[in-house]
2 protein chains.
Amino acid sequence: MKNNKEIKKTGNIRVQSQHKILIAASTEFVLQGYKGATVQSIADRAGLPKANILYYFKNKENIYHAVLEHTLQMWDEGIGDITPEDGPKAAIEKFIDAKVRMSFKHPESSKIYAMEIIQGAQHLKDFARTYQRKWVREKAQLFQKWIDNGEMRDVDPIHLIFLIWSSTQHYADFETQILTIMNRAEYEEEDVEHVISFLTDMILRGCGLK
Amino acid sequence: MKNNKEIKKTGNIRVQSQHKILIAASTEFVLQGYKGATVQSIADRAGLPKANILYYFKNKENIYHAVLEHTLQMWDEGIGDITPEDGPKAAIEKFIDAKVRMSFKHPESSKIYAMEIIQGAQHLKDFARTYQRKWVREKAQLFQKWIDNGEMRDVDPIHLIFLIWSSTQHYADFETQILTIMNRAEYEEEDVEHVISFLTDMILRGCGLK
DNA sequence: CTACCTGTTGACCATATAGTTAAGTTTTAT
DNA sequence: ATAAAACTTAACTATATGGTCAACAGGTAG
């Protein structure tokens, strides 16, 4: 018990520091890009001396990898699962709901991921790419089944997923532009619900489900 | 006449070099980000010595500004105009068509713009932001008129524009991911038409126009 | 021919930055 | 109490990079 407690304590320092660093690094990577984010700037934002950062993460690339992993994990947890039992309507509703909430709750994750893809996914491991291909194709097959069953209109399921993906992600990635256009300083609570209902309505109709 | 010709000749060298540099710089900025793109890498890609680059552009930031301007101009030219006479159906069709073609034809422009926005539009001049706000609000008003006239379903016009914007832009920005998922090396001719018809169909239905 | 303008380029420099090291301090285990 | 392990941090180093400069080339005008 004593032992356990002590391990926990040191563990906590490690975990806490690493977490603080990860958060600071995420912000810096979004704001300045991979090369533009300096270890010093991450250290300053985390409130730690630079050498301490390099104590917890061997080097800058490792920090970035950790941030990416954190991002992917967040995505994986946040995106609920769609099952055959859902049927097309509930599936689309669930998917849009989860994705919009993630965009508003973790915009940095979305942004880092977007930048990584835009730049050619140079740091993304193969397994992550393969994983996503599998994920999309799996979900696309579900939609195809529903289409074959006459439960929804015949639309290209892969592109349907792209549509949901892009339109939801947009509110995170293009936050700056959207706020400028709406003449706002930041998003408000009700925006999330408004966006969810707008997109759900549009896309369900597009699929002939409303 | 002689004079004119000579001016043109020297002018051409200038214009040609600057253009070569701009193209090379665009690629580097997309691939490596602003800080990650080095003047040397731009020079190598353009096939010119570094000092020559700095002869045509005072410094790195100027290169980037030129690239951004080039991008915005491209957008401005590529995006046809929507007029009150079009009516909602033609307007949406025109908008989607133009935007998708741009995404496939000039993905780098789209990517650079996206990265700039994601990073908080730090380099984007105020006038550009104001311009876009005006553009979106203007078009949104058009849609609102059509809605008030009963020519289309009552959907939030601002978010409708966001939807069209995001879903079309996606094919440029997330090229890498999309190609991975579709298990392809690059886009093909027919993809453009397929995407246009898919998105047009979905969104027109969403607006109750089909 | 000469003066001049445009463009070309290698060499150079100041600075910023990733990463190391070594000397310390604090915490934990026995 | 003591040894070991975990953590902290200032100082340092090697390198990469933005930007300058001075020398040079080629064509044009008078």
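Chain letters run A, B, ... following the sequence lines, proteins first and then strands; every chain starts at 1. Basis for what follows: all heavy atoms, side chains included, without hydrogens, waters or symmetry-related copies.
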| query | Is the backbone of B/Ile158 close enough, under 3.5 Å, to the side chain of B/Arg137 for a donor and an acceptor to pair up by distance? | reply | no
| said: For a quick test of reading the model: is some side-chain N or O of B/Arg14 closer than 4.0 Å to OP1 or OP2 of C/dT6? | reply: no
| Could you give the CD1-to-P distance, from B/Ile63 to D/dT17, as a whole number of Å? | 14 Å
| message | Going by side chain to side chain contact (heavy atoms under 4.5 Å, CB included), name the residues that satisfy it together with B/Ala51, two or more places apart in sequence or in a different chain. | response | none
| message | Check this for me: does any side-chain nitrogen of one of A/Arg184 and A/Asp191 sit under 4.0 Å from a carboxylate oxygen of the other? | response | yes
| field | Integer-rounded Å distance: C/dA11 C1' and B/Asn52 CG | value | 16 Å
| task | Would you kindly give the CZ-to-C1' distance between B/Phe57 and D/dG18, to the nearest whole Å? | result | 16 Å
| field | d(OH, A/Tyr56; C1', D/dA5) in whole Å | value | 13 Å
| task | Using a 4.0 Å heavy-atom cut-off, write out nucleotides 14-20 of chain C from 5' to 3' as B (base contacted by protein), S (sugar-phosphate only) or - (no contact). | result | ---SBB-
| Is B/Lys60 positioned over the aromatic face of B/Tyr34, cation under 6.0 angstrom from the ring centre and no more than 45 degrees off axis? | yes
| query | Are any non-hydrogen side-chain atoms of B/Val136 and B/Trp165 less than 4.5 angstrom apart? | reply | no
| said: Between B/Glu193 and B/Arg101 (salt bridge meaning N to carboxylate O under 4.0 Å), is one present in this structure? | reply: yes
| query | Could you give the OH-to-C1' distance, from B/Tyr55 to D/dC21, as a whole number of Å? | reply | 15 Å
| Once you round it to whole Å, what is the distance between C1' of D/dT8 and NZ of A/Lys20? | 12 Å
